[in-house]
Amino acid sequence: MQSIYEKYQLKHVINASGRMTALGVSTPTPEVVERVTYGLNHYFEIKDLVNKTGAYIAHLLNVEDAVVVSCASAGIAQAVAAVIVRDDDDLLLNLHSSSKVIPREIVLPKGHNVNFGAPVDTMVTLGGGKVIEAGFANECSAAQLSAKITSQTAAIIYIKSHHSVQKSMLSVSEAAAVARQHNVPLIVDAAAEEDLTSYYQAGADLVIYSGAKAIEGPTSGLVIGKKTYVEWVKRQSQGIGRAMKVGKEGILGLALAIEQYLTATKETGAEMVDRMSGFIEELNAIPAISARVVWDSAGRDIARAEISFDEKMIGKTTYQIMHELKQGDTAIYFREYKANEGKVEADIRSVSNEQLNVIAEHIRLLVKGI
Ligand SMILES: *Cc1c(COP(=O)(O)O)cnc(C)c1O
């Protein structure tokens, strides 16, 4: 039978770059895939499905309430709309066009105003908000955050992410203290984070996760938080939420993926080191290539293979080598953040042992003859 790759002439991908949206993020378990199929094949009262799966997830995470959304970006836009509209029916239907004077400012540390693949600012604007930056590009204290809060502030948003500036940055609990002091809600975008409880426990009113990143669910997002705020997020399904709705299959798939995520035994960093050792040895046997184990710079339990290329000996820049590895029938993707220094990292969480051999073989072919 003709494969989907043949039918549409798609390239096969070996993803050694981590959880990348541009490559399809992650692969759910067979049980989650089966649950998605079940969802597609059945009818539900959708409001009931949303409320009861939300309550079930909230119980699992020991939070007041939860709701499945279409992705983390949709979670940001709807969370912002929720804190602006609250329970006002007229505003719900006229979010952008209403001339009613209400707080619309969303305050965030300047170093959190990032581009995660799309800009945070665009999602806030989509939700009817206006970004107000606090502090500086490289620092934001509680006092600097506090200084930007006025009667026009609708919420504080905190972007907990490796994309954000980490240096001289207040913590989530400190941001929560500022929010409480001014009686405004705190929204935390923790899209790619692995911890599903601590930001809520630190005092956030709404916390947003991507369903397909750490949780490895179907394309979806999760918003957890205080009951009233989650209710207001749900109301947005009659407003901007309609343009970003999640299907019944995504709701059921993510609910199961979360349940599995909480009990799954993850591959530990030490196990990754074990699995990479043969691969690293093989790479070190290739002229002009050296490889070693490095640990995640954000402190997560992830080991990666750092591969260095002797650009002079090979006669190519690391960028050219990366480009060549993406040609052919199978495209190989690494983490290229340090390619300007002649190094890349292989993240093997989504790479099988067989694929590790394919990667080593492709690299060997690339430098053949030098
Ligand atoms: C990935 C990411 C998002 C967007 O998540 P999607 O589920 O792809 O919409 C938002 N914020 C941060 C910090 C991210 O890393």
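Counting starts at 1 for both ligands and their atoms, in listed order.
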* Asked: In terms of atom number and element, which parts of ligand 1 are under 4.0 angstrom from non-hydrogen atoms of His163?
  ->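 Checking each atom against His163, I get 15 (O).
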* **Atoms in ligand 1 with a heavy atom of Ser161 nearer than 4.0 Å** =>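 Counting atoms of ligand 1 from 1, those under 4.0 Å from Ser161 are 13 (C).
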* Asked: Among all residues two or more places apart in sequence or in another chain, which pass the side-chain hydrogen bond (donor to acceptor under 3.5 Å, both in side chains) test with Glu306?
  ->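 Arg292.
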* **Heavy atom of His162, distance to ligand 1 below 4.0 Å** =>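 His162: no contact with ligand 1 (<4.0 Å).
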If you have a sec, work out which protein heavy atom is nearest [atom] and how many Å separate them, to one decimal?
| atom | result |
| --- | --- |
| atom 1 (C) of ligand 1 | Lys213 NZ, 1.2 Å |
| atom 8 (O) of ligand 1 | Thr21 OG1, 4.0 Å |
| atom 7 (O) of ligand 1 | Ser210 OG, 2.7 Å |

Charged N to carboxylate O below 4.0 Å: is that the case for [X] and [Y]?
| X | Y | answer |
| --- | --- | --- |
| Lys227 | Glu64 | no |
| Glu105 | Lys148 | no |
| Asp301 | Lys266 | no |
| Arg235 | Asp89 | yes |

* Tell me, please, which residues at least two apart from Ser173 pass side-chain contact (heavy atoms from CB on, under 4.5 Å). =>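 By the side-chain contact (heavy atoms from CB on, under 4.5 Å) rule, Ser173 matches Ser171, Ala202.
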* To do: Could you see which bit of Ala72 sits under 4.0 Å from ligand 1, with heavy atoms only: side chain, backbone, both or neither?
  =>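 It is both backbone and side chain that touch ligand 1.
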* Classify the contact between Ser73 and ligand 1 as side chain, backbone, both or neither, using a heavy-atom distance cut-off of under 4.0 Å. =>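 Both backbone and side chain of Ser73 come within 4.0 Å of ligand 1.
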* ligand 1 to Asp189 polar contact by distance, N or O atoms, under 3.5 Å ->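 Yes - when backbone and side-chain N and O of Asp189 are compared with those of ligand 1, one distance drops under 3.5 Å.
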* Can you say whether the rings of Phe44 and His42 are parallel (under 30°), tilted (30 to 60°) or perpendicular (over 60°)? ->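 Tilted.
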